[in-house]
Structures are given as C-alpha cells and as structure tokens.
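Any value given below was found using the heavy atoms of this structure, including those in side chains, with hydrogens, waters and symmetry copies removed.
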Amino acid sequence: MNKYQDFTDHELIRMYIAGNNQAFTTLVHRHKNRLYTTIVLLVRNRDLAEDIFQEVFIKIVNALHSGQYSDNNRFLAWAVRIAHNCCISHFRKVNSWSKTVVAGYNDEMGDSLDYMEHSIEHHLIAHETSQEINALLDQLPTVQREAVILRYYADLSYKEMAQTVGISINTALGRVRYALMNLRKQMLVEGEGEGEVQSRYI
C-alpha cells in the first residue's frame with residue numbers, strides 16, 4: 001500500500017517541493033489516466049499523446065518549482081489547462097485546429113436537458129476509450145467535442161472549462177449541451193439502425 005495515497009494533492013505538492021519525489025510519483029499515478037485519456041481524445045493520436053503527456057509533466061514540474069502553482073484544491077484542472085495549451089500549441093504549429101463556431105446557447109432548453117446530461121455522462125464514462133464513443137465524438141463539431149472531453153473526461157467544472165478554453169461559462173455550458181443533443185441524436189440513429197433504440201443511454 002502506498003503510504004502517501006491518503007494525502008491531498010496539495011499536501012503531496014508541498015512534500016514534493018520539499019524534496020520528496022515519492023509524493024510526486026503518487027500525484028502522477030493519481031491523475032495520469034484521466035489526464036492521458038483527455039490528451040488522447042483531443043489529439044486523436046496515441047504516439048502524439050505520449051509526447052504531449054511527457055511535455056505536460058515537464059511543464060508541471062517546472063511550474064511547481066518556480067512557484068507558479070497556487071493551491072485551489074483542483075490540481076487536475078490546473079494540469080488539464082497545461083495539457084490543453086500544449087495540444088493547442090501543437091495544432092497551431094501544424095495549422096490543423098478547426099475554427100468551427102457553434103451557435104449560442106438558449107437558456108430555455110437547459111432544464112429539459114438535465115436528465116439527458118446525466119444519462120449520457122454515465123454512458124461516456126462507462127465507455128471511456130471504446131471505439132464506439134470515439135466514433136460518436138468524432139462526428140461532433142470541434143468545439144463541442146472539446147467541451148465534452150474537458151467536461152466528462154478531464155472532469156472540469158463549467159467554470160474551469162471556461163478558464164481553460166478562454167470562453168464564458170454560458171458558452172461552455174452551451175457547447176456541452178449542444179454536444180449532448182447531438183450525441184443523443186446519433187445514439188438514436190445508431191440504435192434504430194440496429195433495430196433497437198438505445199433508450200438506456202438517453
């Protein structure tokens with residue numbers, strides 16, 4: 001049993017800065033799967049994701065030692081912002097980041113989608129790395145796909161997502177909700193194509 005597993009992220013960071021490398025190893029293991037999955041889904045290439053993952057942790061180490069991290073009890077959200085920036089930097093270098101614009105969010109549809117969000121969230125998390133979900137996500141507009149990844153795989157709040165991408169909270173909420181609507185339509189179509197409606201997911 002890892003003797004550090006019950007420590008908070010902030011405690012592990014303080015221990016690491018003080019010279020305890022095992023504390024940082026625990027921190028990495030705690031969050032690596034979610035962070036790596038987020039990067040893979042954003043760049044759609046495992047080899048590239050491995051490179052970016054390494055780059056992210058180099059940046060994290062440098063930031064921790066230079067005092068750039070301030071505790072907000074959300075180390076993962078901070079790490080995801082670094083990862084997102086690294087992914088954006090890569091796409092800008094190869095000039096392949098889509099500039100797709102999504103229509104504005106209509107507050108009137110918010111309440112009616114609460115149950116759908118919960119149901120599709122469960123489906124997404126239960127099938128995190130399946131080809132089925134990857135195929136569904138690839139059919140979404142780029143900003144909607146990014147929003148779903150940050151919300152459900154990176155586990156960011158809408159506020160954290162907005163800070164990461166540089167948009168308003170309402171825009172972040174709108175992108176997720178429109179994405180969920182599109183995913184719901186895709187699931188219905190696929191279910192009907194197989195002779196059944198996948199009502200358990202919707």
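Between M161 and T164, the closest side-chain pair of non-hydrogen atoms is not below 4.5 Å. Within the 4.5 Å cutoff, side-chain heavy atoms of R175 are placed close to those of I167. A 4.5 Å side-chain heavy-atom check between R34 and T37 finds every atom pair outside the cut-off. In this structure, the side chains of Y152 and L180 come closer than 4.5 Å at one or more pairs of heavy atoms.
With sequence neighbours excluded, the residues that form a side-chain hydrogen bond (donor to acceptor under 3.5 Å, both in side chains) with T26 are N2. By the side chain to side chain contact (heavy atoms under 4.5 Å, CB included) test, E50 is found to be paired with Y36, residues two or more places apart in sequence or in another chain being considered. For R44, the salt bridge (Lys or Arg N to Asp or Glu O under 4.0 Å) criterion is met by D138, not counting sequence neighbours. With sequence neighbours left out, the side-chain hydrogen bond (donor to acceptor under 3.5 Å, both in side chains) criterion links N20 to Y4. Residues passing the side chain to side chain contact (heavy atoms under 4.5 Å, CB included) test with N85, sequence neighbours excluded: none. Applying the side-chain hydrogen bond (donor to acceptor under 3.5 Å, both in side chains) criterion to Q68, with sequence neighbours excluded, gives S66. Legend: residues meeting side chain to side chain contact (heavy atoms under 4.5 Å, CB included) with S89, ordered by chain and number and at least two apart, are absent. For N21, the side chain to side chain contact (heavy atoms under 4.5 Å, CB included) test picks out Y16, with sequence neighbours left out. Applying the side-chain hydrogen bond (donor to acceptor under 3.5 Å, both in side chains) criterion to R30, with sequence neighbours excluded, gives D9.
For R151 and Y158, the positive end sits near the middle of the six-membered ring, less than 6.0 Å away and at most 45° from its axis.
Of the inter-residue distances, the one linking L41 atom CG with Y153 atom OH reads 6.0 Å to the nearest 0.5 angstrom. To the nearest 0.5 Å, the span separating CH2 on W78 from CD1 on I13 amounts to 6.5 Å. Note that CG of L136 and CZ of R184 are 14.0 Å apart. Values are rounded to the nearest 0.5 Å. Taking SG of C87 as the reference point, atom CD1 of I149 lies at 9.0 Å (rounded to 0.5 Å). To the nearest 0.5 angstrom, L27 atom CG is 14.0 Å from Q5 atom CD. Here L137 contributes atom CG and T142 contributes atom OG1; the two are 11.5 Å apart, rounded to the nearest 0.5 Å.
More than 12 heavy-atom neighbours from other residues, nucleotides or ligands sit within 6.0 angstrom of CZ on R81.
The minimum heavy-atom distance linking A179 with V148 is given by the pair CB-CG2, 3.4 Å. Nearest heavy atoms, A49 versus V40: CB-CG2, 3.5 Å. Shortest non-hydrogen contact noted between E146 and V165 is OE1-CG1, 3.8 Å. Residues V80 and L150 share a closest heavy-atom pair of CG1-CD2, 3.8 Å.
For the residue pair Q139 and N182, no side-chain donor N or O sits within less than 3.5 Å of a side-chain acceptor on the partner. At a cut-off of 3.5 Å, with distance as the only test, no side-chain donor of K93 or H90 sits close to an acceptor on the other residue.
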Could you go through residues 51-60 and list every donor-acceptor pair under 3.5 Å that involves a side-chain atom there, pairing it with any protein atom two or more places apart or in another chain?
none

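Within the structure, the salt bridge (charged side-chain N to carboxylate O under 4.0 Å, His left out) test picks out the following pairs touching residues 152-169 (sequence neighbours left out): R74-E160.
No close placement of the H10 and F75 rings is indicated, their centers lying 6.0 Å or farther apart.
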Next on the checklist: For L140 and Y178: C-alpha separation, side-chain torsions, deciding distance, then whether side chain to side chain contact (heavy atoms under 4.5 Å, CB included) applies.
Outcome noted: CA-CA 10 Å; L140 294 175; Y178 274 111; over 6 Å; no
